[in-house]
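Contents: one structure, followed by commentary.
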Amino acid sequence: MAESCHEGLDHGIRSVRRVVKRFGGTLTVRSMSPRFETDHYRTPAGALVGLRVHTDACVTAFVQKSNYGVSTNGPYLESGCFEPPYGH
């Protein structure tokens with residue numbers, strides 16, 4: 001079952017990359033940011049997705065097993081579509 005989930009995710013990523021290539025833009029996928037819990041940092045399972053669709057527009061998202069979220073914003077000078085780390 002896990003393999004079919006990964007195959008579906010791989011297919012989805014390939015499909016998105018084809019659309020991005022056709023219409024232009026830059027797609028970035030990376031791991032979730034580490035979070036401090038009790039006495040150590042932990043990186044939650046999931047992915048962050050940033051799609052730069054124009055020089056002044058981004059679509060960002062996070063995907064986890066339990067939930068997801070999507071938003072639009074402009075790019076950040078230092079980090080592209082992703083918000084810079086807290087306290088930077």
Side-chain angles (χ1 to χ4, degrees):
M1 171 128 174
E3 286 185 56
S4 64
C5 290
H6 289 262
E7 290 171 9
L9 180 60
D10 290 343
H11 174 72
I13 291 171
R14 285 192 305 270
S15 297
V16 169
R17 288 190 192 281
R18 280 195 300 271
V19 170
V20 169
K21 185 176 181 180
R22 181 175 176 193
F23 294 105
T26 304
L27 177 67
T28 305
V29 180
R30 67 180 201 193
S31 62
M32 299 289 288
S33 301
R35 298 178 185 164
F36 191 78
E37 290 186 1
T38 311
D39 61 353
H40 64 282
Y41 282 93
R42 184 180 77 77
T43 302
L48 295 172
V49 179
L51 176 59
R52 184 116 179 222
V53 293
H54 197 266
T55 57
D56 61 352
C58 288
V59 177
T60 55
F62 73 90
V63 181
Q64 294 181 299
K65 187 175 182 175
S66 61
N67 64 346
Y68 65 91
V70 178
S71 63
T72 58
N73 59 337
Y76 297 92
L77 291 175
E78 296 175 330
S79 56
C81 289
F82 298 108
E83 187 174 344
Y86 177 77
H88 182 90

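The basis for the numbers below is simple: all heavy atoms, side chains too, and nothing from hydrogens, waters or symmetry mates.
Checked against side chain to side chain donor-acceptor pair (under 3.5 Å), R30 has no partners two or more places apart in sequence or in another chain.
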What donor-acceptor contacts under 3.5 angstrom involve side-chain atoms of residues 35-43, with partners at least two apart or in another chain?
unit_1, atom_1, unit_2, atom_2, d
E37, OE1, R42, NE, 3.2
E37, OE2, R42, NE, 3.1
E37, OE2, R42, NH2, 3.2
H40, ND1, E37, O, 3.4

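Here T26 contributes atom OG1 and H54 contributes atom NE2; the two are 12.5 Å apart, rounded to the nearest 0.5 Å.
Other residues, nucleotides and ligands place no more than 12 heavy atoms under 6.0 Å from the OH atom of Y68.
No continuous path of hydrophobic side-chain contacts links F82 to L27 [ILVMFWY only; heavy atoms under 4.5 Å]. When the side chains of ILVMFWY residues are joined at heavy-atom separations under 4.5 Å, either directly or via intervening members, V29 and V63 end up in two distinct hydrophobic clusters.
When every heavy atom of A57 is checked against every heavy atom of P75, the shortest pair comes out as N-CD, 3.9 Å. Here the shortest heavy-atom pairing between P44 and Q64 reads CB-NE2, 3.7 Å.
For residues 27-68, every residue pair satisfying the disulfide (SG to SG under 2.5 Å) rule, not counting sequence neighbours, is listed here: C58-C81.
Side-chain contact between V70 and V59 is present, with at least one heavy-atom pair separated by less than 4.5 Å.
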